[in-house]
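The structure appears right after this line, and notes come after that.
Since the structure is predicted, the reported quantities are computational estimates derived from the model, not experimental observations.
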Amino acid sequence: MHDVAVVGAGPAGLAAVDVLASHGARVLVVDEQPRAGGQIHRQPPATFAAATVPAGRALLAVAERADVDWWWRTAGWGVFGGHAGLDDFAGSTPADRADGDGPMRLAVHGPDGARTVRPRAVLLTAGAYDLPVPFPGWTLPGVLTAGGVQVFVKSAHLLPGRRFVLAGAHPLLLVVAAQLVAAGAEVAEVLLVRRPRAGALLRMLPAAAGNTGKLREGGHALAVLRRAGVPVRFGTRVVRADAGPDGELAAVVLAAPDGTHRTVPADVLALGYGFVPSTDLARQAGCAVRYDPAAGGWVVTHDRWQRSSVPRVSVAGEITGVAGAEQAVAEGRLAALGLLADLGLVPAPRIGRLARPVRRDLRRRRRFATALAAAFPPPAPAPADDETVLCRCEEVTAGTVRAALRANPHLRTANGVKLLTRTGMGLCQGRSCQPAVCALIAAETGRSVAEVGPYTARPPIRPIPLGTLAGGDP
Amino acid sequence: MYDVAVIGGGLLGCAVAYHLARAGTRVVLLEKDELNRHASGQNAGSLHFQLEYRMVADGDAAAERAARALPLHLDAQRAWAGLAAELDAPVEVVQHGGLMLAETADELDRLRRKASLERRHGLDVTVLTGAELTSLAPYLAAGVRGAAYAPGEGKANPRLVTLAYARAASRLGADLRTGTRVTALTREAGGWRLTTTPTAAGRGARTDGVRAAAVVLAAGVWTAELAAMADVRLPVVPVALSMTATAPTTPFLPHLVQHVGRRLSMKQTSDGNVLIGGGSPAKFRAVDGRIDLETAPELRYESLVGNADAARVVPAVLRLPVLRCWSGATTLTPDQLPVLGPLPRRPGLYAATGGSAFTLGPTYARLLAETLLTGEPSLPIDAYSPARFGFLNAV
Ligand SMILES: Cc1cc2nc3c(=O)[nH]c(=O)nc-3n(C[C@H](O)[C@H](O)[C@H](O)COP(=O)(O)OP(=O)(O)OC[C@H]3O[C@@H](n4cnc5c(N)ncnc54)[C@H](O)[C@@H]3O)c2cc1C
Ligand SMILES: Cc1cc2nc3c(=O)[nH]c(=O)nc-3n(C[C@H](O)[C@H](O)[C@H](O)COP(=O)(O)OP(=O)(O)OC[C@H]3O[C@@H](n4cnc5c(N)ncnc54)[C@H](O)[C@@H]3O)c2cc1C
């Protein structure tokens with residue numbers, strides 16, 4: 001029996017576990033990755049530990065705690081029973097494979113199959129993923145995310161190609177480009193769709209106190225690129241990616257600010273447009289979300305103790321808005337303190353005192369994150385042409401979605417379009433296509449993305465074999 | 001002033017609007033959300049013409065009563081076959097036959113009695129066992145002892161059917177208004193006044209209300225609520241159900257598969273996904289202690305396990321990944337028969353709901369439109385008349 005089950009062992013989850021376990025809470029952590037760290041593992045350890053997240057090493061050490069249950073390669077795929085409702089007396093009652101007797105079930109799937117746990121509370125710290133921005137050729141082999149390229153460089157010390165073009169909207173591209181240069185790769189160009197908004201950059205300065213790590217890292221990267229003679233262009237966007245005779249990426253067609261096109265040969269195009277909060281499990285659990293474009297799209301709403309709208313489900317880190325690792329850490333601590341009080345494990349006045357410095361830290365982080373997001377807004381991810389595939393799983397093109405909207409003029413929501421066209425119905429359950437499809441519907445119907453809504457998230461949020469659910473031997 | 005106002009943009013509402021518009025009637029359809037976003041777009045898409053598990057579970061008398069809907073089944077079996085051509089749109093109707101399985105001697109016995117009852121009503125159904133069954137359905141588990149085979153059964157795609165009706169209705173001049181919620185029904189000289197309010201799903205929905213000589217209530221689980229606006233009590237019960245969909249795989253399951261002894265419906269869609277449902281319950285949300293019909297019912301973990309357990313009769317399915325489960329709500333009636341026809345003592349007010357209103361939807365809709373247009377439907381619908389619940393409204 002666990003007091004708290006934490007889904008996601010990134011910075012937010014680890015920070016929360018540390019606080020929870022140090023105050024005697026019985027904690028279970030599940031993460032679909034084989035080890036702790038979340039997105040942090042995409043970053044070089046030196047940068048991570050030194051400049052970016054000063055507490056990085058200490059955080060990773062949390063995962064060594066023996067008083068916590070760690071279930072690796074284990075995905076949380078559903079939260080059940082969080083709401084009041086009519087229970088059906090006719091419901092079948094299979095052998096109860098849950099451990100614990102809390103009101104809620106967290107369903108997980110790992111190396112030993114599917115099972116459920118009944119913790120007293122759930123903390124969702126599922127983080128964020130790369131924002132996909134479809135354009136003609138974006139599904140070619142050789143087109144990767146900047147984060148994906150970084151994993152290669154970092155974990156395998158292996159380059160996924162020889163000649164790189166990096167394009168997108170996020171300053172992370174500069175860091176990845178510098179790492180590639182350091183690893184001996186040829187970086188043809190780095191392209192950012194927009195020059196950072198000057199006003200927004202100025203506003204970052206006052207917010208930078210205590211956040212200098214990131215600024216320093218950005219400055220360092222620019223210097224490396226300048227020394228290596230890598231051009232960094234603003235206002236340039238990718239028009240399309242072209243395949244060579246082998247069907248893999250051979251060249252990238254770019255549009256300059258004046259509209260002229262040119263072709264740059266490359267075998268890897270690394271994209272970094274920004275990040276999208278991983279809200280699927282939270283939405284499946286019924287947590288209220290809010291559309292906040294500056295924070296990456298749909299984010300889970302919460303109160304001042306990181307409690308979501310669903311009783312006993314708290315949230316922390318980038319599922320509440322993309323804002324960097326330090327903010328994730330602060331939110332994780334705050335969520336843990338809130339849960340300790342709610343579960344009666346630590347008296348409330350003491351929690352209030354412990355929370356004060358965390359809140360101070362959080363305020364500073366939020367100011368900086370807001371300023372950073374305003375300086376590098378992602379482009380609207382909807383492609384202009386009809387041939388581009390939006391949904392890779394079901395191979396639904398932009399043209400199919402536009403035609404569906406024209407033929408069925410009452411259609412106005414992401415869910416409505418999904419039901420008719422199958423976009424978002426595949427293996428990834430719409431994680432990949434949702435931003436682009438919603439932007440497209442909004443553009444075509446003249447509504448806001450907030451009105452178009454996200455896809456409804458349903459269990460299992462990651463595919464699981466039917467047989468493990470039946471308890472049978474598949 | 002319209003001839004007919006149809007309330008509800010599900011399969012029944014859109015199909016009624018289509019039949020009325022085709023006959024030249026001035027018809028308006030009012031839907032509070034988008035079209036096809038409730039039961040009609042969430043159901044299993046089974047075309048089952050045998051009596052279902054829930055109809056034969058309570059003994060022969062109950063089965064006899066449920067069999068009174070069999071003339072509708074026979075009509076629907078024909079209607080679906082011609083639907084794509086009629087609407088000039090893909091609706092993915094496949095009628096390769098359906099099997100209702102029995103695993104115990106007792107179930108096999110129930111299956112035989114059920115089949116003979118159905119044959120008496122004219123349904124083509126045979127009980128298969130042994131090698132005959134294995135060669136028709138090699139994918140079945142060894143424990144299956146027999147199956148009732150109805151060659152006209154199959155599936156259609158709920159993602160497509162309702163919108164195909166809606167587009168056809170719209171081409172024929174029907175006025176389809178989405179994002180428009182009906183909040184009051186008032187009797188007035190020569191017909192009815194419908195008060196409406198716009199909802200978030202609308203595109204600048206009008207708020208001026210609608211007047212019509214006749215009104216059709218095709219509002220799914222909300223039908224009782226709408227009838228109550230005209231001071232009529234209808235005993236239709238909302239039921240929350242859940243579905244499971246697997247990842248697509250190569251075609252291996254040409255039939256609709258059901259079970260005579262428990263909740264199960266299984267089929268492979270033309271996209272290759274296997275859909276599993278058949279009645280495992282979901283859980284209505286409650287707000288302030290009352291059922292909240294506006295929020296999709298919550299999925300119950302037990303039902304997902306139940307759907308997976310039920311699928312064991314087709315072992316190959318157990319190896320497939322589950323992609324998604326979802327819930328929806330539909331209406332049942334106390335006698336398992338549809339509610340179809342004019343409401344007593346409310347001239348010009350009609351209702352259509354209850355029963356298997358996807359499978360039988362095209363038939364309900366045509367018969368109701370015929371009733372409105374001529375007073376003489378091509379099949380008698382008196383057995384389904386809302387008047388059978390007149391005693392509820394005698395006070
Ligand atoms: C390439 C890259 C570079 C970055 N550089 C910086 C930087 O320099 N400075 C900075 O401040 N920030 C940086 N960030 C951002 C920083 O890493 C994130 O802000 C931080 O990791 C967010 O922490 P988190 O705990 O919210 O989520 P994450 O780190 O995303 O952790 C989420 C964890 O949850 C797990 N998970 C998700 N869903 C499930 C599920 N259903 N079941 C089980 N497990 C699940 C994931 O496997 C993951 O381990 C960078 C991010 C990336 C990708
Ligand atoms: C999971 C599931 C599986 C099923 N499987 C099958 C099956 O295999 N075979 C079968 O035959 N049946 C099946 N059913 C039942 C079938 O789906 C329904 O009987 C059928 O779709 C009902 O259609 P409808 O048009 O009456 O209702 P709906 O599709 O629910 O449409 C009613 C519409 O009325 C609208 N409305 C309600 N109130 C108002 C108002 N005040 N103003 C304006 N609009 C309003 C609603 O928004 C809704 O769109 C299943 C149902 C579910 C939920």
Side-chain angles (χ1 to χ4, degrees), chain A residues 77-78 80-98 105 107 114 116 284 286 394 404 407-413 415-416 418-422 425-427 429 445-447 451 453 456 458-474, chain B residues 9 31 34-37 41 159-160 163 166-167 170 176 178-179 200-203 240 244-248 263 271 273-274 276 280-287 289 291-292 296-309 311-312 315 317-327:
Chain A
W77 59 263
F80 296 91
H83 288 91
L86 281 195
D87 245 319
D88 193 300
F89 293 107
S92 58
T93 327
D96 199 330
R97 281 177 275 150
R105 275 172 200 265
T116 67
Q284 181 277 323
E394 297 288 319
N408 301 279
H410 67 278
L411 278 183
R412 12 242 313 119
T413 64
N415 281 321
K418 169 179 168 175
L419 185 63
L420 181 60
T421 64
R422 297 192 61 83
M425 284 198 181
L427 273 178
Q429 285 293 295
T445 61
R447 308 174 90 210
E451 289 171 303
T456 302
R458 290 296 203 178
I461 64 150
R462 301 283 188 275
I464 52 168
L466 187 66
T468 55
L469 200 49
D473 215 6
Chain B
E31 164 57 54
E34 289 172 298
L35 302 177
N36 201 35
R37 290 301 308 286
R159 300 193 297 105
L160 308 177
L163 295 187
R167 288 192 303 271
S170 178
L176 309 182
T178 53
R203 31 178 176 143
T244 298
T246 72
R263 302 180 168 112
D271 299 297
N273 312 73
V274 177
I276 306 162
S280 44
K283 173 173 152 182
F284 279 116
R285 291 266 189 97
V287 174
I291 284 192
D292 171 19
E298 199 175 340
L299 286 159
R300 303 164 77 254
Y301 177 76
E302 294 82 350
S303 291
L304 306 199
V305 172
N307 276 346
D309 279 334
R312 285 166 186 274
V317 175
L318 295 175
R319 282 192 294 273
L320 298 174
V322 180
L323 274 193
R324 185 178 182 85
C325 300
W326 68 89
S327 65

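For the set Arg458(A), Glu394(A), Gln284(A), Glu451(A), the count of heavy-atom pairs under 4.5 angstrom toward chain B peaks at Arg458(A). Each of Leu299(B), Thr246(B), Leu160(B) has some count of heavy-atom pairs under 4.5 Å with chain A, and the biggest count is that of Leu299(B).
Atom-to-atom distance recorded for Thr456(A):OG1 and Gln429(A):CD is 11.0 Å, nearest 0.5 angstrom. The CG atom of Asn408(A) sits 10.0 Å away from the CD atom of Glu34(B) when rounded to the nearest 0.5 Å.
With a 4.5 angstrom heavy-atom cutoff, Pro297(B) touches chain A only via backbone atoms. For chain A, the nearby part of Arg37(B) is the side chain; its heavy atoms alone come within less than 4.5 Å. Only the side chain of Thr244(B) comes within less than 4.5 Å of a heavy atom in chain A; its backbone stays farther off. Of the atoms belonging to Asn307(B), not a single heavy atom falls under 4.5 Å from chain A.
Between the side chain of Ser303(B) and the backbone N or O of Pro281(B), at least one donor-acceptor pair lies under 3.5 Å. For the pair Arg447(A) (side chain) and Arg412(A) (backbone), a donor-acceptor distance under 3.5 Å is present.
Residues Asn273(B) and Arg422(A) bring a donor and an acceptor atom of their side chains to less than 3.5 Å of each other.
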